[in-house]
Amino acid sequence: MSFSRCLGSSVRAALSSKSNNAHTTSNGALSSSGPGVTESCLHHTCTTNSINSSVCSRDLRVLDGYDDEYGGFVVDPDKLPTNQNTFSLMLRSSLSHWKMKGKQGIWLELPLQLSELVPIAVKEGFRYHHAEINYVMLTYWLPEGPCMLPGNASHQVGVGGLVINDKGEVLVVQERYCSPACVGLWKLPTGFIAESEEIFEGVVREVKEETGIDTEFIEVIGFRHAHSIAFNKSDLFFICMLRPLSTQIMIDDDEIQAAKWMPLVEFVEHQLIQGDRMFKKVIDIYIARLRKQCCGLSAHQSASKFDGRESTLYYHVIDSQDDCEACSG
(Lines give C-alpha, C1' and ligand atoms only; values in the text may rest on other atoms or scores of the structure.)
Protein backbone atom coordinates (compact mmCIF):
# COMPACT_ATOMS: atom_id res chain seq x y z
CA MET A 1 0.00 0.00 0.00
CA SER A 2 1.35 3.42 -0.93
CA PHE A 3 1.81 6.13 1.67
CA SER A 4 0.19 8.58 -0.73
CA ARG A 5 -3.20 6.94 -0.17
CA CYS A 6 -3.10 8.08 3.43
CA LEU A 7 -1.56 11.50 3.02
CA GLY A 8 -3.61 14.59 2.12
CA SER A 9 -2.76 16.58 -0.97
CA SER A 10 -1.15 19.36 1.05
CA VAL A 11 1.10 16.86 2.83
CA ARG A 12 2.10 15.23 -0.44
CA ALA A 13 3.12 18.66 -1.66
CA ALA A 14 5.09 19.24 1.51
CA LEU A 15 6.78 15.87 1.21
CA SER A 16 7.55 16.29 -2.47
CA SER A 17 9.36 19.50 -1.64
CA LYS A 18 12.83 18.87 -0.28
CA SER A 19 11.83 19.26 3.35
CA ASN A 20 14.31 18.20 6.01
CA ASN A 21 11.47 17.74 8.49
CA ALA A 22 10.13 14.55 6.96
CA HIS A 23 11.26 11.36 8.71
CA THR A 24 10.15 7.86 9.59
CA THR A 25 9.34 7.17 13.21
CA SER A 26 10.28 4.04 15.10
CA ASN A 27 6.79 2.57 14.69
CA GLY A 28 6.82 2.99 10.94
CA ALA A 29 4.80 6.23 10.86
CA LEU A 30 5.80 8.90 8.40
CA SER A 31 5.42 12.41 9.73
CA SER A 32 6.05 15.91 8.47
CA SER A 33 6.08 18.76 10.92
CA GLY A 34 6.71 22.48 10.86
CA PRO A 35 5.60 25.60 12.70
CA GLY A 36 1.86 25.36 13.21
CA VAL A 37 1.50 22.27 10.99
CA THR A 38 1.43 18.64 12.08
CA GLU A 39 0.45 15.74 9.87
CA SER A 40 1.01 12.03 10.35
CA CYS A 41 0.02 8.76 8.81
CA LEU A 42 0.16 5.53 10.84
CA HIS A 43 0.60 2.67 8.37
CA HIS A 44 0.55 -1.03 9.14
CA THR A 45 1.42 -4.07 7.04
CA CYS A 46 -0.43 -4.53 3.74
CA THR A 47 -0.66 -7.75 1.78
CA THR A 48 -1.89 -8.45 -1.75
CA ASN A 49 -4.99 -10.15 -0.36
CA SER A 50 -5.93 -7.86 2.49
CA ILE A 51 -5.09 -4.76 4.41
CA ASN A 52 -4.65 -5.38 8.12
CA SER A 53 -5.22 -1.81 9.17
CA SER A 54 -4.55 1.71 8.07
CA VAL A 55 -5.08 4.73 10.30
CA CYS A 56 -4.53 8.27 9.08
CA SER A 57 -4.54 11.20 11.44
CA ARG A 58 -4.46 14.84 10.47
CA ASP A 59 -4.09 17.94 12.59
CA LEU A 60 -3.69 21.05 10.45
CA ARG A 61 -4.04 24.23 12.52
CA VAL A 62 -6.15 27.05 11.17
CA LEU A 63 -5.19 30.71 11.38
CA ASP A 64 -6.02 32.38 14.68
CA GLY A 65 -8.66 35.09 14.89
CA TYR A 66 -12.24 35.67 15.92
CA ASP A 67 -15.76 35.54 14.51
CA ASP A 68 -17.34 38.85 13.58
CA GLU A 69 -20.99 39.69 14.18
CA TYR A 70 -21.94 39.14 10.53
CA GLY A 71 -21.00 35.49 10.24
CA GLY A 72 -17.49 36.16 9.03
CA PHE A 73 -14.01 35.68 10.45
CA VAL A 74 -11.24 38.18 11.22
CA VAL A 75 -7.69 36.78 11.16
CA ASP A 76 -5.43 37.96 13.98
CA PRO A 77 -2.48 39.74 12.28
CA ASP A 78 -0.32 39.35 15.39
CA LYS A 79 -0.46 35.55 15.22
CA LEU A 80 0.33 34.99 11.56
CA PRO A 81 3.14 32.54 10.72
CA THR A 82 6.15 34.27 9.22
CA ASN A 83 7.25 31.31 7.11
CA GLN A 84 5.73 31.46 3.63
CA ASN A 85 5.28 27.70 3.23
CA THR A 86 3.66 27.40 6.64
CA PHE A 87 1.35 30.32 5.88
CA SER A 88 0.34 28.76 2.55
CA LEU A 89 -0.51 25.41 4.18
CA MET A 90 -2.40 27.02 7.04
CA LEU A 91 -4.32 29.36 4.73
CA ARG A 92 -5.54 26.47 2.59
CA SER A 93 -6.50 24.48 5.65
CA SER A 94 -8.25 27.54 7.11
CA LEU A 95 -10.29 28.15 3.95
CA SER A 96 -11.50 24.55 4.03
CA HIS A 97 -12.31 24.88 7.73
CA TRP A 98 -14.17 28.17 7.27
CA LYS A 99 -16.21 26.77 4.38
CA MET A 100 -17.14 23.74 6.47
CA LYS A 101 -18.20 26.04 9.32
CA GLY A 102 -20.38 28.11 6.97
CA LYS A 103 -18.39 31.32 7.38
CA GLN A 104 -19.01 34.20 5.01
CA GLY A 105 -16.54 37.06 4.70
CA ILE A 106 -12.90 36.56 5.72
CA TRP A 107 -10.78 39.57 6.69
CA LEU A 108 -7.02 39.09 6.39
CA GLU A 109 -4.76 41.94 7.54
CA LEU A 110 -1.15 41.52 6.44
CA PRO A 111 1.35 43.83 8.19
CA LEU A 112 4.02 45.61 6.19
CA GLN A 113 6.73 43.34 7.56
CA LEU A 114 4.87 40.30 6.17
CA SER A 115 4.25 41.76 2.72
CA GLU A 116 5.75 38.65 1.12
CA LEU A 117 2.58 36.80 2.16
CA VAL A 118 0.37 39.00 -0.05
CA PRO A 119 0.97 37.07 -3.33
CA ILE A 120 0.21 33.79 -1.53
CA ALA A 121 -3.14 35.09 -0.29
CA VAL A 122 -4.03 36.56 -3.70
CA LYS A 123 -3.22 33.24 -5.37
CA GLU A 124 -5.67 31.53 -3.00
CA GLY A 125 -8.44 33.91 -4.06
CA PHE A 126 -8.17 36.86 -1.66
CA ARG A 127 -8.75 40.35 -3.04
CA TYR A 128 -7.49 43.78 -2.00
CA HIS A 129 -9.84 45.81 0.18
CA HIS A 130 -7.76 48.75 1.40
CA ALA A 131 -4.26 49.70 2.50
CA GLU A 132 -2.87 51.85 5.27
CA ILE A 133 0.68 52.92 6.03
CA ASN A 134 1.46 49.74 8.00
CA TYR A 135 -0.75 47.05 6.47
CA VAL A 136 -2.88 45.86 3.57
CA MET A 137 -6.33 44.37 4.13
CA LEU A 138 -7.53 41.51 1.94
CA THR A 139 -10.91 39.79 1.89
CA TYR A 140 -12.44 36.52 0.72
CA TRP A 141 -16.18 35.98 0.21
CA LEU A 142 -16.90 32.29 0.72
CA PRO A 143 -20.62 31.79 -0.15
CA GLU A 144 -21.95 31.48 -3.66
CA GLY A 145 -23.36 34.66 -5.12
CA PRO A 146 -22.30 38.32 -5.00
CA CYS A 147 -19.96 39.53 -2.28
CA MET A 148 -21.81 41.27 0.54
CA LEU A 149 -18.77 42.71 2.31
CA PRO A 150 -18.76 46.51 2.67
CA GLY A 151 -16.43 48.32 0.33
CA ASN A 152 -13.52 50.52 1.25
CA ALA A 153 -14.25 53.99 2.62
CA SER A 154 -15.77 56.05 -0.18
CA HIS A 155 -15.24 59.56 1.19
CA GLN A 156 -12.58 61.89 2.51
CA VAL A 157 -13.61 64.63 4.95
CA GLY A 158 -12.25 68.15 4.85
CA VAL A 159 -12.91 71.28 6.91
CA GLY A 160 -12.57 75.01 6.42
CA GLY A 161 -12.46 77.53 9.25
CA LEU A 162 -14.32 80.82 8.86
CA VAL A 163 -12.79 82.94 11.63
CA ILE A 164 -13.86 86.58 12.00
CA ASN A 165 -12.70 88.86 14.81
CA ASP A 166 -14.43 91.76 16.54
CA LYS A 167 -13.06 94.17 13.92
CA GLY A 168 -14.91 92.42 11.13
CA GLU A 169 -11.71 90.85 9.76
CA VAL A 170 -11.54 87.31 8.42
CA LEU A 171 -8.52 85.06 8.92
CA VAL A 172 -7.07 84.10 5.50
CA VAL A 173 -4.02 82.25 4.25
CA GLN A 174 -1.95 81.73 1.10
CA GLU A 175 -0.82 78.13 0.64
CA ARG A 176 2.83 77.42 -0.10
CA TYR A 177 2.01 74.54 -2.45
CA CYS A 178 -0.97 74.91 -4.77
CA SER A 179 -1.99 74.78 -8.42
CA PRO A 180 -0.74 77.61 -10.69
CA ALA A 181 -4.26 79.02 -10.89
CA CYS A 182 -4.36 79.52 -7.11
CA VAL A 183 -0.95 81.16 -6.62
CA GLY A 184 -1.34 84.38 -4.64
CA LEU A 185 -4.99 83.74 -3.75
CA TRP A 186 -6.19 84.33 -0.20
CA LYS A 187 -8.40 81.57 1.19
CA LEU A 188 -9.73 80.15 4.42
CA PRO A 189 -7.55 77.79 6.47
CA THR A 190 -8.50 74.27 5.40
CA GLY A 191 -7.43 70.67 5.97
CA PHE A 192 -8.51 67.08 6.43
CA ILE A 193 -10.04 65.42 9.46
CA ALA A 194 -7.68 62.91 11.10
CA GLU A 195 -8.71 59.38 12.03
CA SER A 196 -11.03 59.28 15.09
CA GLU A 197 -11.22 63.09 15.13
CA GLU A 198 -14.43 65.08 15.44
CA ILE A 199 -15.26 67.72 12.83
CA PHE A 200 -15.29 70.48 15.43
CA GLU A 201 -11.94 69.30 16.80
CA GLY A 202 -10.35 68.98 13.39
CA VAL A 203 -11.19 72.47 12.19
CA VAL A 204 -9.88 74.04 15.40
CA ARG A 205 -6.68 72.02 15.03
CA GLU A 206 -6.18 72.94 11.37
CA VAL A 207 -6.60 76.67 12.03
CA LYS A 208 -4.15 76.46 14.92
CA GLU A 209 -1.57 74.51 12.89
CA GLU A 210 -1.68 76.83 9.88
CA THR A 211 -2.00 80.22 11.55
CA GLY A 212 -1.24 79.82 15.26
CA ILE A 213 -4.67 81.28 16.12
CA ASP A 214 -6.62 79.62 18.92
CA THR A 215 -10.34 79.34 18.19
CA GLU A 216 -13.61 78.04 19.56
CA PHE A 217 -15.98 76.07 17.36
CA ILE A 218 -19.42 77.65 17.00
CA GLU A 219 -21.23 75.70 14.30
CA VAL A 220 -21.23 74.23 10.81
CA ILE A 221 -22.72 76.81 8.47
CA GLY A 222 -22.73 74.56 5.43
CA PHE A 223 -21.02 71.65 3.71
CA ARG A 224 -20.21 70.61 0.16
CA HIS A 225 -20.52 67.11 -1.29
CA ALA A 226 -18.44 66.40 -4.42
CA HIS A 227 -17.41 63.25 -6.26
CA SER A 228 -14.42 61.79 -8.09
CA ILE A 229 -11.91 64.00 -6.30
CA ALA A 230 -8.60 62.57 -5.01
CA PHE A 231 -8.10 58.89 -5.95
CA ASN A 232 -11.67 58.90 -7.32
CA LYS A 233 -13.07 59.28 -3.80
CA SER A 234 -16.04 61.45 -2.92
CA ASP A 235 -15.40 64.50 -0.77
CA LEU A 236 -17.30 66.05 2.14
CA PHE A 237 -16.12 69.56 3.01
CA PHE A 238 -17.54 71.24 6.13
CA ILE A 239 -17.32 75.02 6.47
CA CYS A 240 -17.28 75.92 10.14
CA MET A 241 -17.81 79.18 11.96
CA LEU A 242 -15.17 79.75 14.65
CA ARG A 243 -14.65 82.40 17.30
CA PRO A 244 -11.02 83.61 17.64
CA LEU A 245 -9.50 83.33 21.11
CA SER A 246 -6.17 84.92 20.15
CA THR A 247 -4.94 87.44 17.57
CA GLN A 248 -1.20 86.88 17.03
CA ILE A 249 -0.56 85.01 13.75
CA MET A 250 2.30 82.49 13.60
CA ILE A 251 2.24 80.60 10.32
CA ASP A 252 3.33 77.05 9.61
CA ASP A 253 6.19 77.62 7.15
CA ASP A 254 5.91 74.08 5.78
CA GLU A 255 2.36 74.58 4.50
CA ILE A 256 1.56 78.27 4.51
CA GLN A 257 3.18 81.08 2.50
CA ALA A 258 1.39 83.88 4.36
CA ALA A 259 -1.56 84.59 6.65
CA LYS A 260 -3.32 87.75 7.78
CA TRP A 261 -6.52 89.32 9.04
CA MET A 262 -8.39 90.74 6.03
CA PRO A 263 -11.46 93.02 6.27
CA LEU A 264 -14.53 90.96 5.42
CA VAL A 265 -15.70 93.55 2.87
CA GLU A 266 -12.35 93.20 1.07
CA PHE A 267 -12.46 89.40 1.21
CA VAL A 268 -15.95 89.38 -0.30
CA GLU A 269 -14.61 91.31 -3.28
CA HIS A 270 -11.60 89.03 -3.65
CA GLN A 271 -11.30 87.22 -6.98
CA LEU A 272 -11.57 83.82 -5.31
CA ILE A 273 -15.00 84.71 -3.94
CA GLN A 274 -16.28 86.56 -7.01
CA GLY A 275 -15.17 83.75 -9.31
CA ASP A 276 -16.71 80.93 -7.28
CA ARG A 277 -20.50 80.87 -7.07
CA MET A 278 -20.51 78.20 -4.39
CA PHE A 279 -18.10 80.00 -2.08
CA LYS A 280 -19.89 83.30 -2.66
CA LYS A 281 -23.02 81.53 -1.42
CA VAL A 282 -21.13 80.45 1.70
CA ILE A 283 -20.25 84.08 2.45
CA ASP A 284 -23.87 85.07 1.86
CA ILE A 285 -24.94 82.43 4.39
CA TYR A 286 -22.39 83.69 6.88
CA ILE A 287 -23.56 87.29 6.51
CA ALA A 288 -27.15 86.11 7.01
CA ARG A 289 -25.91 84.29 10.10
CA LEU A 290 -24.40 87.51 11.48
CA ARG A 291 -27.73 89.23 10.92
CA LYS A 292 -29.44 86.45 12.88
CA GLN A 293 -31.45 85.48 9.80
CA CYS A 294 -30.37 81.85 10.07
CA CYS A 295 -28.53 79.42 12.31
CA GLY A 296 -26.04 76.72 11.46
CA LEU A 297 -25.54 73.20 12.82
CA SER A 298 -24.18 73.12 16.33
CA ALA A 299 -22.49 70.08 17.89
CA HIS A 300 -24.21 68.01 20.57
CA GLN A 301 -22.92 64.86 22.25
CA SER A 302 -25.26 61.91 22.12
CA ALA A 303 -25.23 58.12 22.47
CA SER A 304 -26.88 55.44 20.37
CA LYS A 305 -28.01 52.02 21.54
CA PHE A 306 -26.80 50.52 18.27
CA ASP A 307 -23.13 50.84 19.21
CA GLY A 308 -23.32 52.13 22.80
CA ARG A 309 -20.86 54.91 22.04
CA GLU A 310 -20.90 58.64 22.52
CA SER A 311 -20.90 60.51 19.21
CA THR A 312 -21.56 64.02 17.96
CA LEU A 313 -24.87 64.98 16.39
CA TYR A 314 -24.90 68.23 14.43
CA TYR A 315 -28.28 69.91 14.20
CA HIS A 316 -30.03 73.25 13.86
CA VAL A 317 -31.77 74.52 16.98
CA ILE A 318 -35.12 75.92 15.87
CA ASP A 319 -37.08 76.21 19.10
CA SER A 320 -35.09 79.03 20.72
CA GLN A 321 -34.06 82.32 19.16
CA ASP A 322 -31.90 82.91 22.19
CA ASP A 323 -29.72 79.93 21.21
CA CYS A 324 -29.12 81.44 17.79
CA GLU A 325 -28.34 84.86 19.22
CA ALA A 326 -26.00 83.37 21.80
CA CYS A 327 -23.95 81.74 19.04
CA SER A 328 -23.38 85.09 17.39
CA GLY A 329 -21.43 86.43 20.33
Side-chain angles (χ1 to χ4, degrees), residues 3-23 25 29-42 55-154 195-196 307 309:
F3 285 131
S4 65
R5 295 181 183 177
C6 292
L7 298 176
S9 59
S10 59
V11 180
R12 288 200 299 272
L15 290 177
S16 63
S17 64
K18 298 180 180 179
S19 171
N20 294 325
N21 293 330
H23 61 275
T25 63
L30 178 68
S31 67
S32 175
S33 61
V37 180
T38 302
E39 297 194 5
S40 63
C41 178
L42 302 179
V55 180
C56 293
S57 67
R58 185 172 182 172
D59 180 20
L60 271 177
R61 280 180 49 197
V62 298
L63 296 171
D64 288 317
Y66 59 90
D67 297 332
D68 65 23
E69 57 184 312
Y70 303 104
F73 188 83
V74 181
V75 177
D76 188 342
D78 296 325
K79 296 182 179 179
L80 289 169
T82 58
N83 180 273
Q84 296 182 47
N85 291 331
T86 301
F87 174 74
S88 180
L89 286 172
M90 293 183 68
L91 186 60
R92 292 180 186 177
S93 176
S94 298
L95 286 170
S96 298
H97 173 77
W98 294 326
K99 289 178 181 177
M100 182 181 66
K101 292 293 185 180
K103 295 302 176 186
Q104 299 194 66
I106 308 301
W107 297 87
L108 176 62
E109 177 184 324
L110 295 180
L112 183 63
Q113 63 269 25
L114 296 180
S115 59
E116 67 274 8
L117 303 182
V118 172
I120 299 173
V122 171
K123 186 176 180 180
E124 292 298 327
F126 279 81
R127 295 292 180 263
Y128 298 128
H129 187 269
H130 69 273
E132 294 292 344
I133 190 170
N134 291 320
Y135 73 87
V136 61
M137 180 69 77
L138 298 98
T139 60
Y140 195 117
W141 181 251
L142 290 172
E144 296 289 338
C147 176
M148 300 300 292
L149 293 175
N152 184 25
S154 60
E195 184 177 356
S196 301
D307 56 15
R309 298 178 180 179

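Just so you know, these numbers come straight off a predicted model, no measurement behind them.
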How many angstroms lie between CG in Leu89 and CD1 in Ile120, if you round to the nearest 0.5 Å? 10.0 Å
Min side-chain heavy-atom separation Val75-Glu109 under 4.5 Å: no
Tell me, do Phe126 and Leu91 make a side-chain contact under 4.5 Å, heavy atoms counted? yes
Quick one: CG on Leu110 to CG on Leu108, what's the gap to the nearest 0.5 Å? 4.0 Å
Nearest-0.5 Å distance that lies between atom CG in Leu114 and atom CD in Gln84: 9.5 Å
Please name all residues satisfying side-chain hydrogen bond (donor to acceptor under 3.5 Å, both in side chains) with Tyr128, sequence neighbours left out, ordered by chain then number. none
Could you grab the distance from atom CG of Leu142 to atom CG of Leu95, nearest 0.5 Å is fine? 6.5 Å
Hey, could you give me the NE2/CE distance between His97 and Met90, rounded to the nearest 0.5 Å? 11.0 Å
Would you call the rings of Trp98 and Phe73 parallel, tilted or perpendicular, where under 30° means parallel and over 60° means perpendicular? tilted
Would you please name every residue forming a side-chain hydrogen bond (donor to acceptor under 3.5 Å, both in side chains) with Asp76, sequence neighbours left out? none
Do Arg127 and Tyr140 come close enough that some side-chain heavy atom pair is under 4.5 Å? no
Please name the pair of heavy atoms, one in Leu63 and one in Ser94, separated by the smallest distance, quoted to 0.1 Å. N-OG, 2.8 Å
Side-chain heavy atoms of Trp107 within contact of Leu149, under 4.5 Å: yes
Could you list the residues that satisfy side chain to side chain contact (heavy atoms under 4.5 Å, CB included) with His130, not counting sequence neighbours? Glu132, Tyr135, Met137, Asn152
Gap separating the CG atom of Asp67 from the NZ atom of Lys103, nearest 0.5 angstrom: 3.0 Å
